[in-house]
Each structure stands twice: as structure tokens, then as C-alpha cells.
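Here's the structure, in C-alpha cells; my notes come after.
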Amino acid sequence: MPRVLLVADFGELKKADRLSRDQDVRAAWMTFFEHWREETTMAAIDHPPIREALSRIRQLSADEEARRLAFVRERALHERRQALRRDALL
């Protein structure tokens, strides 16, 4: 029966563990960007920076003046893009 020699590089094991956690965090952020309005989906995410971002979005959404300013800002950006396109065609 052949003998198998197992060699462990603990540095690589730590790296693999970090990469796994990085992928989990990346997946959590993707879930946040795609499903931030879904309470049940977001309740399953426990990554503190994502919880903070969700909390901040909720605060801003509850603030009528902040929503109005965001709308005005988005409209101004849209109008600016339209003007640049129109000028480029002339």
C-alpha cells in the first residue's frame, strides 16, 4: 500500500482561510447591493460594516430633506450629462 506524505504549509492555510472569509464578505456586499430593500434577506447578514451601511440608508431614507436633496442632485447630474451629450453632437 503506498504511503502518503502530508505536508502542511501553515502560512498557506492562513491565506486560504482569509481568502474564504474575503469571498464570504464579497458575497455579503453583493447581496447588500442587490437586495438592500428586502428585510428578510438583510436580516441574515451579520457583517458589521454592511449592518452600518444598511442603518445609514434607513436613516437617510427616513429623512425627507435628505431624500429631496438626493433627488435634486440626481436630476442635476442627469441634466449635466444631457447637456454634455448635446454639446458633443454640435
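Nothing here was measured: the structure is a model prediction, and the numbers come from that model.
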- Query: So, do S55 and Q59 sit near enough that their side-chain heavy atoms are less than 4.5 Å apart?
  - Reply: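 With C-beta onward as the side chain, the pair touches.
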- Message: Do Q23 and R26 make a side-chain contact, defined as non-hydrogen atoms from C-beta onward lying under 4.5 Å apart?
- Response: yes
- Task: Tell me, please, which residues at least two apart from E64 pass side-chain contact (heavy atoms from CB on, under 4.5 Å).
- Result: R67
- Report the C-alpha separation of R81 and H78 in whole Å, then their side-chain angles, then the decisive distance to 0.1 Å, and conclude whether the side chain to side chain contact (heavy atoms under 4.5 Å, CB included) test is met. CA-CA 5 Å; R81 280 191 303 270; H78 174 73; 4.0 Å; yes
- Task: Would you give the length of the straight line joining atom CG of L69 to atom CG of D63, rounded to the nearest 0.5 angstrom?
- Result: 8.5 Å
- Message: Would you compute the distance between atom CZ of R68 and atom CZ of R73 and round it to the nearest 0.5 angstrom?
- Response: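 Taking CZ in R68 and CZ in R73, the distance rounds to 10.5 Å.
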- Out of curiosity, does L60 fall in the hydrophobic cluster containing L54 (side-chain heavy atoms, cut-off under 4.5 Å, transitive links)? no
Listing, residues 27-42 side-chain donor-acceptor contacts under 3.5 Å, not counting sequence neighbours, or none:
from : atom 1 : to  : atom 2 : distance (Å)
T31  : OG1    : A27 : O      : 3.0
H35  : ND1    : E38 : OE1    : 3.2
H35  : ND1    : E38 : OE2    : 3.1
E38  : OE1    : T41 : OG1    : 3.0
E39  : OE1    : R58 : NH2    : 3.0
E39  : OE2    : R58 : NH2    : 3.1

- List for me each residue that meets side-chain hydrogen bond (donor to acceptor under 3.5 Å, both in side chains) alongside H47, sequence neighbours excluded, and say none if there are none.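 Expected list: none.
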